[in-house]
Protein chains: 2
Amino acid sequence: MEQAVRNQIREFLASKGLRKTTQRDAIIEAAFSTDRHYTADELLDMSHRIEPTVSRATVYRTLPILVDSGLLRELDLGQGRKVYDPNFVDHPHHNHLICLDCKTILEFEDLNMELLENCMARRMGFTPANKQVRIEARCDELRLNGVCRKGGREVTAAA
Amino acid sequence: MEQAVRNQIREFLASKGLRKTTQRDAIIEAAFSTDRHYTADELLDMSHRIEPTVSRATVYRTLPILVDSGLLRELDLGQGRKVYDPNFVDHPHHNHLICLDCKTILEFEDLNMELLENCMARRMGFTPANKQVRIEARCDELRLNGVCRKGGREVTAAA
DNA sequence: ATTTCTGCAAACGATTTGCACAGGG
DNA sequence: CCCTGTGCAAATCGTTTGCAGAAAT
């Protein structure tokens with residue numbers, strides 16, 4: 001976890017009058033010690049390894065705070081699957097492609113898409129707050145070769 | 001409900017070897033008698049008005065069939081809110097803008113966005129199956145005038 | 001001392017499922 | 001008749017919440 005992130009969170013908590021606790025520290029440490037997506041339950045596991053006293057309730061109570069801070073993003077993958085993404089620190093505008101075959105989530109950024117979204121929203125008389133593009137797709141490699149080597153690899157394509 | 005839709009559904013059920021029942025008929029009738037979005041529970045209400053014997057379980061068992069038929073679209077609005085959209089018959093590629101102020105859902109289509117999405121997916125080695133753009137936004141009118149007259153009105157903008 | 005945090009376990013709410021019966025082919 | 005479809009009620013599953021005690025300021 002980068003020191004910059006740690007400081008930003010620390011400041012955020014202070015500005016909200018929220019206290020620094022052993023459990024929250026562990027959860028924060030866990031939340032930003034990976035660049036993978038994780039579920040609330042997976043975050044509980046990770047936090048638990050750092051500080052065994054962390055309970056599920058506290059994880060659920062801390063997650064909205066982190067999301068609020070702007071450093072963690074909540075992704076609704078549909079079908080009730082909810083995932084958290086710590087990569088928005090580095091890539092604030094990325095979107096997601098979800099492979100229906102291997103369930104892999106790929107991240108990608110595209111400036112044109114970004115512009116287009118803003119344009120559409122303004123044309124309708126709105127100021128965009130939160131944009132999310134979700135593409136569900138099938139793996140070409142799997143279809144052609146019967147194997148998919150992508151499993152979990154992140155691909156960032158800039159246009 | 002248009003006769004064309006009725007026929008398509010009828011054919012679809014037949015092709016899958018699914019039976020025609022009083023309850024299913026009522027649910028189908030209800031599902032396509034509006035152009036608004038609705039939840040599973042709201043569909044139960046609507047079906048119930050047509051045929052009181054329709055139960056919640058049957059609605060939940062019928063919805064996936066309708067989605068499968070391609071005539072009804074399932075929209076995951078996030079936060080566990082799931083909504084069904086019968087408008088894909090007329091506008092197969094529309095996206096959604098969700099107003100954070102009045103919760104209104106606006107539909108819009110944009111060919112460029114459509115193309116861009118396909119392009120991104122292919123570049124990453126995938127064949128897109130299901131694309132969804134969700135823009136959460138704030139109403140300019142409300143911000144400037146303190147009132148929002150849009151409430152529930154559908155806006156279809158073609159680019 | 002005061003207030004926020006915490007773990008626990010119970011509550012929740014939308015959706016799913018097992019069952020025995022009803023009804024379509 | 002056979003097998004699918006149905007209602008009911010119980011089960012699920014991720015998430016939220018009330019409470020009393022623990023810890024931070």
Side-chain angles (χ1 to χ4, degrees), chain A residues 9-31 37-69 72 74-85 103, chain B residues 9-31 37-69 72-85:
Chain A
I9 291 275
R10 196 178 304 269
E11 267 175 51
F12 180 80
L13 291 180
S15 77
K16 292 277 180 180
L18 297 168
R19 293 176 182 172
K20 179 181 177 321
T21 69
T22 315
Q23 289 82 355
R24 285 221 260 249
D25 280 350
I27 294 170
I28 292 166
E29 201 62 36
H37 303 114
Y38 43 79
T39 62
D41 222 59
E42 285 164 352
L43 181 56
L44 171 62
D45 276 350
M46 299 190 287
S47 311
H48 219 260
R49 246 168 267 142
I50 298 172
E51 171 58 56
T53 68
V54 172
S55 74
R56 174 170 282 106
T58 300
V59 168
Y60 276 107
R61 281 189 273 232
T62 304
L63 274 170
I65 298 174
L66 299 184
V67 171
D68 231 44
S69 80
L72 188 67
E74 183 179 273
L75 294 181
D76 224 298
L77 302 181
Q79 329 306 328
R81 293 181 302 163
K82 213 187 256 180
V83 157
Y84 296 86
D85 181 345
K103 307 298 174 200
Chain B
I9 291 276
R10 196 178 304 268
E11 267 176 50
F12 180 80
L13 291 179
S15 77
K16 292 277 180 180
L18 296 169
R19 293 177 181 170
K20 177 181 179 320
T21 70
T22 316
Q23 289 82 356
R24 285 222 260 249
D25 280 351
I27 295 169
I28 291 167
E29 201 63 34
H37 304 114
Y38 43 79
T39 62
D41 221 59
E42 286 165 351
L43 181 57
L44 170 62
D45 276 349
M46 300 190 288
S47 311
H48 219 259
R49 246 168 269 143
I50 297 172
E51 171 58 56
T53 69
V54 172
S55 74
R56 175 169 281 106
T58 300
V59 168
Y60 275 107
R61 281 189 273 234
T62 304
L63 274 170
I65 298 174
L66 299 184
V67 171
D68 231 45
S69 80
L72 188 67
R73 194 74 140 225
E74 183 178 273
L75 295 181
D76 224 298
L77 302 181
Q79 329 306 328
R81 294 182 300 164
K82 214 187 253 179
V83 156
Y84 295 86
D85 182 346

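Below, chains carry the letters A, B, ... as their sequence lines are ordered, and counting in each starts from 1.
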Participant: Going through the distances and angles, do A/D41 and A/R56 end up as a side chain to side chain contact (heavy atoms under 4.5 Å, CB included)?
Facilitator: CA-CA 8 Å; A/D41 222 59; A/R56 174 170 282 106; 2.7 Å; yes
Participant: So, B/Y38 side chain and B/A31 main chain: donor-acceptor pair closer than 3.5 Å or not?
Facilitator: yes
Participant: Taking all non-hydrogen atoms of both residues, which atom of B/H48 and which atom of B/P52 are closest, and how far apart?
Facilitator: NE2-O, 3.1 Å
Participant: Of all residues at least two apart in sequence or in a different chain, which pass the side chain to side chain donor-acceptor pair (under 3.5 Å) check with B/R10?
Facilitator: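 Side chain to side chain donor-acceptor pair (under 3.5 Å) check on B/R10 returns nothing, list empty.
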Participant: Report the distance from atom CG of A/L44 to atom C1' of D/dG14, rounded to the nearest whole Å.
Facilitator: 13 Å
Participant: Tell me the interatomic distance from B/K82, atom NZ, to D/dT15, atom P, rounded to whole angstroms.
Facilitator: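 Those two atoms, NZ and P, are 14 Å apart.
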Participant: Give every pair of a protein N or O atom and an N or O atom of nucleotides 9-11 of chain D that lie under 3.5 Å apart, one pair per line with the distance.
Facilitator:
none

Participant: I need the CZ-P distance between A/R61 and D/dT17, as an integer number of Å.
Facilitator: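 My rounded result for the distance is 10 Å.
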Participant: Would you name the heavy atoms of A/Y84 and A/T39 that are closest together and state the gap between them?
Facilitator: CD1-C, 4.4 Å
Participant: Measure CZ/A/R56 against P/D/dG18 and give the value in whole Å, please.
Facilitator: 19 Å
Participant: Give the intermediate values and the outcome of side chain to side chain contact (heavy atoms under 4.5 Å, CB included) for residues A/D68 and A/F12.
Facilitator: CA-CA 9 Å; A/D68 231 44; A/F12 180 80; 3.9 Å; yes
Participant: If you look at every heavy atom in B/I50 and B/A26, which pair is closest and at what distance?
Facilitator: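 Closest approach of B/I50 to B/A26: CD1-O, 3.7 Å.
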Participant: Got a second to check how far A/L44's CG is from A/S55's OG, nearest 0.5 Å?
Facilitator: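 Here the rounded value is 7.5 Å.
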Participant: Scan residues 10-24 of chain A against DNA chain C and write down, sorted by residue number, each residue with any heavy atom closer than 4.0 Å; if none is found, say none.
Facilitator: A/L18, A/R19, A/T21, A/Q23, A/R24
Participant: Take atom CD1 of B/I65 and atom C1' of C/dT15, then tell me their distance rounded to the nearest Å.
Facilitator: 16 Å
Participant: Quickly work out the B/D41 CG to C/dT16 P distance and round it to whole Å.
Facilitator: 13 Å
Participant: Take the protein atom OH of A/Y60 and the nucleotide atom P of C/dC12, then report the distance between them rounded to whole Å.
Facilitator: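 Atom-to-atom, A/Y60 to C/dC12, this comes out as 18 Å.
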Participant: Starting from P on C/dA22, measure out to CD on B/E51 and report it in whole angstrom.
Facilitator: 17 Å
Participant: If we ignore hydrogens and angles and just use 3.5 Å, is the side chain of A/R24 paired with the main-chain N or O of A/T62 as donor and acceptor?
Facilitator: no
